[in-house]
Amino acid sequence: MDMTSNAVWFTLAIVLITLVLRIIRGKIAVAPVSGKSLPPVVNCFALLGLWPSLYSKDLPSKINFLYNKYGSVFTISLFGNHITLLIGPQVSAHFFQGLDSDISHGKLLEFTVPMFGREVAYGVDIATRNEQARFYVDAFRQSKLRRHFDPMLQEVEGYFSKWDKEGIVDLKHEFEALLMLISSRCLLGKEVREKMLDEFYTLFRDIESGVNLMSVFFPYIPTPANRRRDKAHAKLVELLSEIVRSRKSSSRVEEDVLQKLMDSKYKDGHSTTETEVAGLIIGLIFGGKHTSSHATTWTGACLLSHTKFLTSASEEQKEIMLKYKGKIEYDALLEMDTLHSCIKEALRMNPPAPMLLRKAHKNFTVRTKEGQEYGIPKGHTIASPIVQNNNMPNVYKDPHLYDPDRFGPARQEDVLGGKFSFTSFGGGRHLCVGEAYAYTQIKIIWSHLLNNFDLKLLSPYPKTDWNKLIPEPQGSMMVSYKRRRLQG
């Protein structure tokens with residue numbers, strides 16, 4: 001990425017968050033923390049002084065530079081607003097485990113309301129939002145993952161059966177298309193998969209256009225992107241509501257997440273509405289579509305760039321296929337420890353989101369690994385930079401290297417590093433409910449590829465596109481493939 005766009009990303013991410021929030025909502029009063037030292041402060045003058053050192057660096061390098069200079073807890077203070085970064089597992093417990101009354105997203109995700117609807121997520125109060133989160137948890141329980149296995153496997157086998165005996169493909173594009181099919185089959189149901197898949201994802205792309213800097217800060221301004229988003233949202237709600245009504249009128253029950261959300265009930269006994277189900281599904285697809293395709297792509301880039309681990313993963317597949325007589329089964333996935341570690345290491349180095357944000361509603365205290373205590377005042381925006389948390393040198397040996405063995409039984413670096421050493425899927429009260437689902441579909445895809453194809457990466461190892469609000473592998477990932485038979 002060129003230095004100009006890199007500087008723009010960093011400037012917008014810090015300055016706009018603070019300046020615009022102040023303009024829109026007014027200056028937030030910060031309550032002092034009695035008897036506690038405040039974290040080191042990086043103000044606008046300090047940032048200007050550091051700019052020559054920060055300018056040419058990508059986002060992780062910028063954060064690492066500030067971490068090395070100011071430590072694991074410091075506050076960026078601009079225009080009367082305060083963003084406090086908590087870096088490393090020792091200071092992250094309250095961020096991930098604090099009650100919603102103490103620390104929450106607040107209004108930071110208000111821009112998603114026009115995308116998902118006012119009936120779900122950040123359009124409703126915290127109590128309702130927590131109940132809706134329970135619906136997701138119920139839908140993705142381990143016991144229900146088995147029901148998704150066969151549909152996932154069928155989609156994977158069907159998709160790759162269309163490949164020739166040999167050829168060259170953009171693996172990034174292939175994974176995006178395949179995961180779209182898996183999502184439509186397992187999450188949306190056969191009505192979307194069989195009748196309206198292209199229409200659904202055309203509309204969904206218009207929903208995604210609501211994720212840009214203008215709409216994040218001004219979600220209701222009638223820009224062309226926001227108008228497309230609103231029109232697409234209305235049409236998606238209409239389509240999904242029709243499916244819900246059709247199933248209910250015919251008493252037809254399907255084994256997909258849409259059905260689970262239809263059958264969900266609040267604590268007072270009332271069922272989810274058609275509009276709520278539609279909003280929950282849109283939010284679910286938004287949260288998982290990009291992250292799964294990016295994680296699958298990064299796994300491929302890492303494996304195909306490291307012969308040692310590609311060989312280890314392939315040898316594991318041979319052993320498991322021999323045990324299961326050449327057939328992938330759900331229980332076989334649970335034994336793919338090497339492949340699991342390869343995926344997890346790709347996610348450590350390339351997390352789905354570079355940083356998580358919360359708003360502190362009450363004062364709290366953190367203690368660094370050096371024993372220094374800091375009082376974090378109410379009103380601060382709290383940031384947990386995953387790109388730094390997953391690369392702490394006191395937790396991970398040579399964190400810049402791709403080394404899946406770090407998660408093996410002999411090392412278990414993330415376990416020894418303590419809770420919140422690995423936060424690619426969040427943690428604590430905010431752990432991603434789709435973590436097991438994501439690993440399942442990625443394992444099925446790569447198990448099939450390792451067992452049936454010889455692959456060679458033709459493109460350079462991809463860089464991260466930090467211009468995107470959801471960073472992704474930059475450009476294409478061209479791979480040559482040659483079909484082969486499974487060796488027993």
Side-chain angles (χ1 to χ4, degrees), residues 96-97 130 132-156 175 178-189 255-261 263-264 280-281 283-300 313 316-317 320 324 328-348 350-353 356 386 390 404 407-409 412 414-415 419-448:
F96 289 108
Q97 294 189 147
N130 286 340
Q132 292 174 349
R134 174 173 56 83
F135 302 158
Y136 284 141
V137 172
D138 291 342
F140 286 101
R141 288 189 186 282
Q142 191 77 25
S143 59
K144 294 185 172 65
L145 279 180
R146 290 181 178 271
R147 301 176 185 177
H148 295 307
F149 173 80
D150 285 337
M152 285 182 182
L153 181 60
Q154 291 166 14
E155 292 293 343
V156 170
F175 289 151
L178 172 56
L179 285 160
M180 179 177 71
L181 296 174
I182 293 175
S183 293
S184 64
R185 179 79 173 272
C186 298
L187 305 182
L188 299 169
E255 291 291 341
D256 52 44
V257 173
L258 178 65
Q259 185 71 49
K260 303 306 175 189
L261 296 177
D263 296 339
S264 296
L280 290 169
I281 280 289
L284 182 62
I285 297 295
F286 178 82
K289 176 173 175 283
H290 289 295
T291 53
S292 291
S293 63
H294 296 169
T296 311
T297 301
W298 282 121
T299 298
E316 179 186 63
Q317 288 301 310
I320 290 176
Y324 286 87
I328 300 177
E329 297 180 10
Y330 182 80
D331 288 337
L333 293 186
L334 303 180
E335 298 181 28
M336 297 179 186
D337 296 330
T338 299
L339 181 56
H340 186 94
S341 293
C342 289
I343 298 168
K344 185 172 181 178
E345 176 70 343
L347 282 163
R348 181 190 69 81
N350 305 277
L356 301 176
I386 300 176
N390 283 1
F407 296 117
Q412 295 184 308
D414 59 322
V415 176
K419 207 170 184 179
F420 313 121
S421 293
F422 179 86
T423 56
S424 290
F425 287 98
R429 292 167 53 84
H430 301 283
L431 182 68
C432 175
V433 298
E435 178 180 3
Y437 178 92
Y439 275 119
T440 297
Q441 60 185 355
I442 298 172
K443 280 185 181 179
I444 292 174
I445 291 170
W446 273 106
S447 175
H448 182 86

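Along the sequence shown, the residues carry numbers beginning at 1. None of these values were measured; they are calculated from a predicted model.
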Validation row: K260, D138 side chains within 4.5 angstrom (heavy atoms): no
Cationic N near anionic O, under 4.0 Å, R348 to D414: no
Within-4.5 Å side-chain heavy-atom neighbours: P351 and N390: yes
Polar side-chain atom of W446 near backbone of T296 as donor-acceptor pair, under 3.5 Å: yes
For the student: nearest non-hydrogen atoms of A332 and I320, plus distance: CB-CG2, 3.7 Å
Trace of the side-chain contact (heavy atoms from CB on, under 4.5 Å) decision for N350 with H294: CA-CA 9 Å; N350 305 277; H294 296 169; over 6 Å; no
Spacing of CG belonging to L347 relative to CD belonging to E345, to within rounding of 0.5 Å: 9.5 Å
Rounded distance [0.5 Å steps], SG in C186 versus CZ in R147: 13.0 Å
Under 3.5 Å: donor-acceptor pair, side chain of S184, backbone of L181: yes
Gap between atom CZ of R141 and atom OH of Y136 - 0.5 Å precision: 15.5 Å
L188 and its side chain to side chain contact (heavy atoms under 4.5 Å, CB included) partner, picked from L284, D256, I285, L258: I285
Euclidean distance, L333 CG relative to I442 CD1, rounded to 0.5 Å: 12.0 Å
Side chains of L153 and Y330 in contact at under 4.5 Å (non-hydrogen atoms): no
Shortest non-hydrogen separation from G426 to L356 and the atoms involved: CA-CD1, 4.5 Å
Close side-chain approach of H430 to Q97, heavy-atom, < 4.5 Å: no
Salt-bridge contact R146-D331 (side-chain N to carboxylate O under 4.0 Å): yes
Side-chain heavy atoms of M336 within contact of Q317, under 4.5 Å: yes
Check against side-chain contact (heavy atoms from CB on, under 4.5 Å), F96 and L431: CA-CA 8 Å; F96 289 108; L431 182 68; over 6 Å; no
Gap between atom CD1 of I444 and atom CD1 of I182 - 0.5 Å precision: 7.0 Å
Chi angles and distances behind the side-chain contact (heavy atoms from CB on, under 4.5 Å) call for F407, D337: CA-CA 9 Å; F407 296 117; D337 296 330; over 6 Å; no
Where F420 and G428 come nearest, the two heavy atoms and their spacing: CE2-N, 3.7 Å
Side chain proximity check, T291 to F425, heavy atoms < 4.5 angstrom: no
Worked check of salt bridge (Lys or Arg N to Asp or Glu O under 4.0 Å) between R185 and D150: CA-CA 11 Å; R185 179 79 173 272; D150 285 337; over 6 Å; no
Side-chain donor/acceptor of T338 to backbone N/O of E316, under 3.5 Å: no
Point-to-point distance, once rounded to the nearest 0.5 Å, from CE of M152 to OH of Y437: 4.0 Å
Aromatic plane relationship, F140 with H148 - under 30° parallel, 30 to 60° tilted, over 60° perpendicular: tilted
